[in-house]
Amino acid sequence: MSPVLAGVLQLLALIGALALAYRPLGDYMARVYSSTEHLRVEKWIYKAIGANPDTEMRWPAYLRGVLGFSLISVLFLYGLQRLQGSLPGSLGFASIDPDQAFNTAASFVSNTNWQSYYGEQAMGHVVQTGGLAVQNFVSAAVGIAVAVALVRGFARSRTGELGNFWSDLVRGVVRILVPIAVVGAIVLVACGAIQNFAGIHEVGQFAGGSQQWNGGAVASQEVIKELGTNGGGYFNANSAHPFENPNGFSNLFEIFLILLIPFALTRTFGRMVGSVRQGYAILATMATIWLGFIALMMWTEFHHGGPAYDMAGGAMEGKETRFGIGASAIFSISTTLTSTGAVNSFHSSNTAFGGGLNLLGMMLGEIAPGGVGSGLYGMLIMAIIAVFIAGLMVGRTPEYLGKKIGTREIKLAACYILVTPTLVLGFTAAAMALDTPANSMTNSGAHGFSEILYAYTSGANNNGSAFAGLNADTQWFNSTIGIAMLLGRFLPMVFVLALAGSLAGQQPVPATAGTLRTEKPLFTGLLVGAIMIITGLTYFPALALGPLAEGLAS
Amino acid sequence: MNNSVANTTRLLWAGLRALLVLTVLTGVIYPLAVTGVAQAAFNDKANGSEIKDHEGKVVGSKLIGQTYKGLQWFQPRPSNGLGENSVNTQYQLILSGATNLSGDNKELIKSVKDAKAAVIKDNSTPGHQVKPSDVPADAVTSSGSGLDPHISPEYAELQVHRVAAKNHLPVGEVEKLVHEHTDGRILGFMGEPRVNVLELNIDLKELAAKG
């Protein structure tokens, strides 16, 4: 069997598995966020928090919950790293420097998991398992909560109430993430991922001498890293490390975990707004872009342009033998079209156009299918923009799911889509204009520029993958990427929740013959077009200086 | 004003308690429970898939690549990642990583060129000349982790003549050994065909000792 055919079969198997899980998981999540019952363990947690889970919140209160919880999370994770040197169970690692501790705290709380540290050389058991992995759960649950609040905004009328943040947070963790993570972690251990609390120890080698091994709760962190679209590796090599991702099956399983919740949330959305077909239209949009990107990625990686790869006879630099090119291409697109950023091959060594696709995937705003929660709300914002554009064409007040898209709504949506480009292009321009940031580049010329553009694109979009040649552990990059991650995560959430509040307060408008049918393929086409055009116009000049220049030269 | 300060304090206090209780659940109970099950049910795998040689001595992990000094052994892929210019030396595991060099990088072009020349030179024996087109891509490129335990069946095949000559073994026997250690794709389509270098070398050592 040729590697290309094997790649296609792996893709088909992945699609089959996702399709099987789509309805049960999507419906289950809709029930989780609509139920009025509380589990016993949840009641106990609410008591510990001191919150009444049945209090309905208007959008400002919901937002305060999100921001308050996230602020505490940043401070807690920062403190934990700063104290590492004095904590037991830290494998003898020192406390993390302030700039790196800030960067890492911002990174994991914002669901980015950008890493300017080397996991196996910096973080002990306590910080990894009790700090970083915890944020993998809760930052994912916060993302889903905000998406669910927006969906409630569409589903409810003449009320400003969006649900209860504490209840949404706790249910996301207890009823969705933890159960899937437990099963997934055992599957990964069965494949060979390690799960122990051993210290750094020496193991004999074939040729004499010894190798130094790290222990760790790797499988339990690996599974939530993918499931929560977080992406921060236990080890520096991330999912390319054999202890994180031991074989071809675990690799496909990890890609499945990355895509599972983001795709299934479109079903949850459809259920909650009372029309699963609306969910299918959003799903079709996501799937079209995802598949298109995978096809292009497979083509460019198998075609292996670039002088070094022409000579080697294949683009295997930065790729593992057990995955090969096909499975690496599927992983790298799935991780950059969601907000994951885990890698099983190193994107900086992809072909020029391949690296460009990784960049473009993040620049789309990570909505195909996007991060857990953030993918859905990002896509719904684009849907609002698309109906607005359609409304302009025919001269009608646009509406979506029975809600009028008026001045306030379109302003909030416009603010949302302006945040990340401003951060990405602003910080990239600043880094290029200053003298020292460019010293961090490993590669020169167009690829060097791509390294910096990639870093800010990854940070502001909360992805976390890297053109890892860039030495990002400098005060400049730790601080500016840290700020980009926080603003790129929480400013959009402000606009999303404000929009949700405004939609929930509206009286629904009945559909007429003139209403744009947003559950039809025509709308999916319009939405794909709007996404590509808006992103293209925003980022084309920057892409032309980086991957396009490199690709055309080779 | 006082009211808003009090409200904010109450909110942050609730946030802290929520974080602490969720930390107990997802940062203590969950990893310990998974570790318990993993250690009980998959003890060997959960601790790194250690592998023993024919004398019963632990010689590494099935999953982690190693350095094999001497051309009598099958050689792994190059590992030029974080190895050279930091604390890590190649295949020492404390620091994993890739080179992150791009396809048009001069350093990478040179290292591929040099690696290819070395592979051809080392593996050509009297009566067996390796052609440049025989050298597969994995033989001249570094992996993502820098710890790749595998090589492609083509690269293992390419090394057969050299290994046979150095160990004074018949080519056919070494070839048979490589075939025995070639793993296909999982279920026929997942991942890529590969040869585990450590397992292969362990059995090669045994074969050479007998031979």
Side-chain angles (χ1 to χ4, degrees), chain A residues 6 9 45 48-51 64 68-69 72-73 118 121 129-130 134 137-138 185 189-190 192 194-196 204-207 211-212 217 220 235-237 240-242 246 248-249 252 306-309 311-314 316-322 324 345-346 348 351 442-443 447 468-469 554, chain B residues 11-12 14-19 21-23 26-27 31 34-35 37-38 42 45-49 58-60 63-64 66 68-69 92-98 100-105 108-109 112 137-138 140-141 143-145 147-152 185-186 189-192 194 198 201:
Chain A
L9 288 178
I45 294 174
I49 299 174
R64 280 196 298 272
F69 179 71
I72 287 290
S73 294
Y118 300 129
Q121 271 202 325
T129 308
V134 170
F137 279 97
V138 296
V189 174
I194 62 170
Q195 180 74 23
N196 60 58
Q205 282 196 112
F206 181 80
Q211 259 183 337
Q212 213 168 16
S220 59
F235 300 106
N236 183 51
H241 198 296
F249 174 77
L252 213 51
Y309 303 141
M311 198 182 299
M316 280 300 285
E317 183 71 24
K319 294 191 177 68
E320 300 284 300
T321 308
R322 63 192 180 284
S345 66
F346 280 73
S348 187
T351 59
T442 291
N443 296 283
H447 199 82
S554 66
Chain B
L11 173 70
L12 294 180
L16 179 62
R17 286 189 289 176
L19 180 62
V21 64
L22 290 174
T23 299
T26 63
V34 171
T35 308
V37 175
F42 304 99
K45 285 175 171 166
N47 294 313
S49 305
V58 173
V59 289
L63 296 173
I64 303 293
Q66 299 189 9
Y68 304 92
K69 290 201 184 69
Q92 288 282 80
L93 190 58
I94 189 69
L95 189 51
S96 56
N100 289 302
L101 298 175
S102 60
D104 64 351
N105 185 294
L108 183 62
I109 297 172
V112 168
D138 65 298
V140 294
T141 51
S143 65
S145 61
L147 303 167
D148 199 335
H150 299 113
I151 52 177
S152 65
R185 297 188 174 94
I186 298 173
F189 70 97
M190 282 183 236
E192 290 296 318
R194 65 221 172 274
L198 179 56
N201 276 334

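Quick caveat: nothing in here was measured; it's all calculated off a predicted structure. Basis for what follows: all heavy atoms, side chains included, without hydrogens, waters or symmetry-related copies.
Atoms CD1 and CG, from A/Ile72 and B/Leu16 in turn, are 5.0 Å apart once rounded to the nearest 0.5 Å.
With a 4.5 angstrom heavy-atom cutoff, A/Ala190 touches chain B via backbone and side-chain atoms both. With a 4.5 angstrom heavy-atom cutoff, A/Phe249 touches chain B via backbone and side-chain atoms both. Both the backbone and the side chain of A/Thr129 come within contact range of chain B, with heavy atoms under 4.5 Å apart. With a 4.5 Å cut-off on non-hydrogen atoms, B/Ile186 touches chain A through its side chain but not through its backbone. Neither the backbone nor the side chain of A/Ser345 has a heavy atom closer than 4.5 Å to any heavy atom of chain B. The contact between B/Val21 and chain A is made entirely by side chain atoms (from C-beta outward), counting heavy-atom distances below 4.5 Å. Residue A/Leu252 touches chain B through its side chain alone, counting heavy-atom pairs closer than 4.5 Å.
Within the 4.5 Å cutoff, the side chain of B/Leu101 has no heavy atoms near those of the A/His447 side chain. With a 4.5 Å cut-off on side-chain heavy atoms, A/Arg322 and B/Pro149 count as touching. Side-chain contact check for B/Ile64 versus A/His241: some heavy-atom pair is nearer than 4.5 Å. Inter-residue side-chain proximity for B/Leu22 and A/Phe137 is flagged as unmet; no heavy-atom pair is nearer than 4.5 Å. Residues B/Lys45 and A/Pro246 have side chains not in contact (no heavy-atom distance under 4.5 Å, counting atoms from C-beta outward).
With respect to chain B, the highest number of heavy-atom pairs below 4.5 Å among A/Ala468, A/Gly469, A/Gly313 belongs to A/Ala468. Counting heavy-atom pairs under 4.5 Å between each of A/Ala185, A/Gly192, A/Ala207 and chain B puts A/Gly192 at the top. Interface summary for chain A: among B/Ser49, B/Ala38, B/Ala46, the most heavy-atom pairs under 4.5 angstrom belong to B/Ala46. Heavy-atom pairs under 4.5 Å with chain B were tallied for A/Phe69, A/Phe206, A/Phe346; the largest tally goes to A/Phe206. No other option in B/Gly15, B/Ala137, B/Gly144 has as many heavy-atom pairs under 4.5 Å with chain A as B/Gly144. Chain B forms more heavy-atom pairs under 4.5 Å with one residue of A/Ala240, A/Gly248, A/Gly314, A/Gly318 than with any other, namely A/Gly318. Interface summary for chain A: among B/Ile109, B/Thr35, B/Val112, the most heavy-atom pairs under 4.5 angstrom belong to B/Thr35. If you tally non-hydrogen atom pairs under 4.5 Å between each of A/Ala51, A/Ala6, A/Gly306 and chain B, the highest count goes to A/Ala6.
The existence of a salt bridge linking B/Glu192 and B/Arg185 is confirmed by a sub-4.0 Å separation between a basic side-chain nitrogen and an acidic carboxylate oxygen.
Looking at A/Ser348, its side chain does come within 3.5 Å of a backbone N or O of B/Asn100 through a donor-acceptor pair. Not a single donor-acceptor pair under 3.5 Å links the side chain of B/Asn105 to the backbone N or O of A/Asn443.
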Open item on the list: For B/Tyr68 and B/Asn201: C-alpha separation, side-chain torsions, deciding distance, then whether side chain to side chain contact (heavy atoms under 4.5 Å, CB included) applies.
Closed with: CA-CA 9 Å; B/Tyr68 304 92; B/Asn201 276 334; 3.4 Å; yes

